[in-house]
Amino acid sequence: MQPGRVVEEFPAPEFRGAQRQALADIQAAFDAGNDVVLVRAPTGSGKSLLARAIMGCARRAADADPSDAVGAYYTTPQVSQLDDVAADDLLEEFKLIRGKSNYTCILPGEEATPVDRAPCARERGYDCAVKHRCPYFADRAIASSRAFAAMTLAYFMRTAGSEVFRKRDVCVIDEAHGLAEWAEMYATIDLDEQRVPVWEDVRVPSGLDGDPERTADFADHLQGVCEGVKDELLGQDELTTEAVARRDRLQELIAELDWFIEDYRDPESATTWVVDADEEGVTIKPMDPERYLSHTVWDRANKHALLSATILNKAAFCRSVGLDPSTVALVDVEHTFPVANRPLYDVTQGKMTYENRAQTLPKLADTVVRVMATHPDEKGIVHAHSYDIAEKLAARLADAGVGDRVRTHDADTRDAELERWKAIDDPEVFVAVKMEEALDLAHDLGRWQVLCKAPFLNTNDSRVAARLADGQWAWYYRTALQTIIQACGRVVRAPDDYGATYIADSSVLDVFERARGDMPPWFAAQVDAMTTPDLAEPDPAAALGETTAGVEQVEAATRSTDTGGRGSTGETQPDRTASRDDRDSEGSPVADVWNTE
């Protein structure tokens, strides 16, 4: 790696904000001999451009010996982030590769067939005459030969050990704050009727819950059954698409079980395995899967750069992903968006924990109506945290007479409804679940948002329970703060953009207090400037934009300060009248955005 090239490799014609200083700090961090550099860059820093500059420092083939690793990888857990990279003209040197299921066959009669179900996957020894033109294999060949290959983290991890995507000189991971959680989820093994093709052929012993030793014995037995059925399928000359899917799942499952059995029985492994089991199935989960990340991430490049706005605690992050902090540097990038353009407003109505939700939700719905009336001509998003809260809140908004302005979604319509909402000009309100990350609502796409609930992890999850039993409460609140900071960046995406964030759950204030030491300075300034606004009255007509009452309240709300509270910046707020499961979590904080490609 040649860090001295980082400035000349920056792809944009000019620097903006703190980019020039960020590159200098990144160069210094690598020049100091660090193997990994964490770049804590807030929203709008141009992380993808910084990533490209870092990748440009990778060893080039012309300067390398045949055995040297050359080139760079770009990877991100967020599919939408990869899509943004693909659409950016400044990143045209990135060659994207996606999983087989994202490509269709080009053979006559197979044009609608995904490549992973095409004749080459169905027929043993199939010799495809047009493989050189197959969109998947063509993209894979190009990506493997180009200096810069880009892919999702799921695909990147799956190609560990591949002869095609070998070790490179540099690897950049964007949106890397959840790397440990992504690895834990990716390495989790779910065994049930839907995920195990031979489920009816095995007997699940009782008493596996909480017992990884007995579960490893069961995994041994299940692996043997899977091997037998897989070998039968491999012996057939031709398979149906259903049989192909069965074969592929068996192969994946065998590899997953093998990893668990080997890792669990290795006395040198630092991974702790927890097991949840009931009459419906078994879930095997790793905690702090250092060995898994070593194989799938750290062994894939000589140097790594990890970018995110919310790598909040260097030492804790390094522990969670198996890095030695002495070989890791943290670079902080200055936030250049004025605090006045990204205000937080305290409209808390009580706690939204499961025990208090019934009392708080009616007041929260009333507050949302008031916020809608304060922003009658502006689009906004309400982060509901769970589908249970979203459903109950939407029902109350409908009862309040403002349902015509509200859009909702379920797990199946999530992406489609989001795109429809973004495409319209009407000031609709989107009640959303798990959209605190990787969502760009620049300018009039979103001028305000409401955080309905502190995004705590589910304490019923065995991994969370185990960590809390070990006293890791700082981790618990830090993880919630991480999601809150991510959410606060959804509606302010550029220095000249502005958007208001309303905090409706008083538990969020608890997070601010308990995790204060882990706040980046730029977010601490945002919290210190938080005020209590003078919202419009909960008038349905105003909330629907049918009167001018809400418009008259907007300037008052944005000027409002709470002199007895958390202070104020003293700056003039922008004029916003100009433009038109049921417990505390739904499971993994990234379950709705995970896409294994």
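As a basis for the values below, the full set of heavy atoms in this structure was taken, side chains included, without hydrogen atoms, waters or symmetry mates. Here the structure is a predicted model, which means the values were calculated and not measured.
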As a quick check of understanding, evaluate side-chain hydrogen bond (donor to acceptor under 3.5 Å, both in side chains) for Asp263 and Ser269, giving each step before the final call. CA-CA 6 Å; Asp263 187 84; Ser269 175; 2.8 Å; yes
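- Of all heavy-atom pairs spanning Ile97 and Phe165, the tightest one is CG2-CZ, 4.0 Å.
- Within the 4.5 Å cutoff, the side chain of Glu280 has no heavy atoms near those of the Asp192 side chain.
- Side-chain contact between Leu153 and Tyr186 is absent, with no heavy-atom pair separated by less than 4.5 Å.
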Would Val275 and Val282 count as a side-chain contact (heavy atoms from CB on, under 4.5 Å) if you check the C-alpha gap in whole Å, the side-chain angles of each, and the deciding distance to 0.1 Å? CA-CA 7 Å; Val275 177; Val282 182; 3.9 Å; yes
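- A 4.5 Å side-chain heavy-atom check between Leu91 and Phe148 finds every atom pair outside the cut-off.
- In this structure, the side chain of Thr413 does not engage the main chain of Ala416 through any donor-acceptor pair within 3.5 Å.
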Residues Ser162, Arg140; criterion side-chain hydrogen bond (donor to acceptor under 3.5 Å, both in side chains); working and verdict: CA-CA 12 Å; Ser162 164; Arg140 190 182 73 164; over 6 Å; no
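- Tyr476 and Phe456 have parallel rings, their planes meeting at less than 30° on a 0 to 90° scale where 60° marks the start of perpendicular.
- The number of heavy atoms from other shown groups lying within 6.0 Å of CD (Glu391) does not exceed 12.
- Phe430 and His409 have tilted rings, their planes meeting at an angle from 30° to 60° on a 0 to 90° scale.
- Other residues, nucleotides and ligands contribute at most 12 non-hydrogen atoms within 6.0 Å of the CD atom of Glu193.
- By the 4.0 Å N-to-carboxylate-O rule, Asp84 lies too far from Lys47 to be salt-bridged with it.
- Residue Ile424 comes nearest to Lys379 through the heavy atom pair O-NZ, 2.9 Å, listed as atom of the first residue, atom of the second, then distance.
- For Lys422 and Asp440, the salt-bridge test fails: no basic side-chain N is under 4.0 Å from an acidic carboxylate O.
- Taking the side chain as every heavy atom from C-beta outward, Val229 and Pro197 never approach each other to under 4.5 Å.
- In terms of modelled atom types and a separation under 3.5 Å, the side chain of Arg249 and the main chain of Val196 share no donor-acceptor contact.
- The two atoms that bring Arg168 and Gly71 nearest to each other are CB-O, 3.6 Å, heavy atoms only.
- Here the side chain of Asp65 pairs no donor or acceptor atom with the backbone of Ser67 at under 3.5 angstrom.
- The main-chain N or O of Asp190 is never found under 3.5 Å from a side-chain atom of Lys285 such that the two would form a donor-acceptor pair.
- In this structure, Leu38 CG and Leu330 CG are separated by 5.5 Å, a value rounded to the nearest 0.5 Å.
- No hydrogens or angles considered: a donor-acceptor pair under 3.5 Å links the side chains of Arg463 and Thr188.
- For Glu92, the CD atom sits in a loose shell: 12 or fewer heavy atoms of surrounding residues, nucleotides or ligands are nearer than 6.0 Å.
- When side chains are defined from C-beta on, Arg291 counts as touching Asp266, because their heavy atoms get closer than 4.5 Å.
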Begin with the C-alpha distance, continue with both residues' side-chain angles, and end with the deciding distance and a verdict on side-chain hydrogen bond (donor to acceptor under 3.5 Å, both in side chains) for Tyr74 and Arg52. CA-CA 8 Å; Tyr74 172 90; Arg52 165 60 184 82; over 6 Å; no
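- Arg98 and Asp83 are joined by a salt bridge, as a carboxylate oxygen and a charged side-chain nitrogen come within less than 4.0 angstrom of each other.
- Heavy-atom neighbours of Arg166 CZ from other residues, nucleotides or ligands within 6.0 Å: at or below the threshold of 12.
- For Tyr264 and Trp273, the ring centers sit 6.0 Å or farther from each other.
- In this structure, Ile284 and Thr215 approach most closely via the heavy-atom pair CD1-CG2, 3.6 Å.
- Each of Asp174, Thr75, Thr76 was scored for a side-chain hydrogen bond (donor to acceptor under 3.5 Å, both in side chains) with Gln81, with one residue passing: Asp174.
- Partner of His383 under the side-chain hydrogen bond (donor to acceptor under 3.5 Å, both in side chains) criterion, chosen from Glu436, Lys453, Gln449: Gln449.
- Checking side-chain atoms of Glu419 against main-chain N and O of Glu417 turns up no donor-acceptor pair under 3.5 Å.
- Arg5 places a side-chain N or O within donor-acceptor distance of the main-chain N or O of Ala58, the cut-off being under 3.5 Å.
- Remark: side-chain polar atoms of Arg40 are paired, donor with acceptor, to backbone N or O of Leu312 under 3.5 angstrom.
- The minimum heavy-atom distance linking Asp116 with Val244 is given by the pair O-CG1, 3.6 Å.
- With a 4.5 Å cut-off on side-chain heavy atoms, Asp35 and Asp324 do not count as touching.
- Proximity of Gln486 to His177: side-chain heavy atoms (C-beta onward) are separated by under 4.5 Å at one or more points.
- Residue Ala160 comes nearest to Thr296 through the heavy atom pair CB-CA, 3.8 Å, listed as atom of the first residue, atom of the second, then distance.
- Counting heavy atoms from C-beta outward, Arg247 and Leu234 have side chains that approach closer than 4.5 Å.
- A donor-acceptor pair is defined here as one N or O able to donate and one able to accept, closer than 3.5 Å; such a pair exists between the side chain of Gln223 and the backbone of Ile254.
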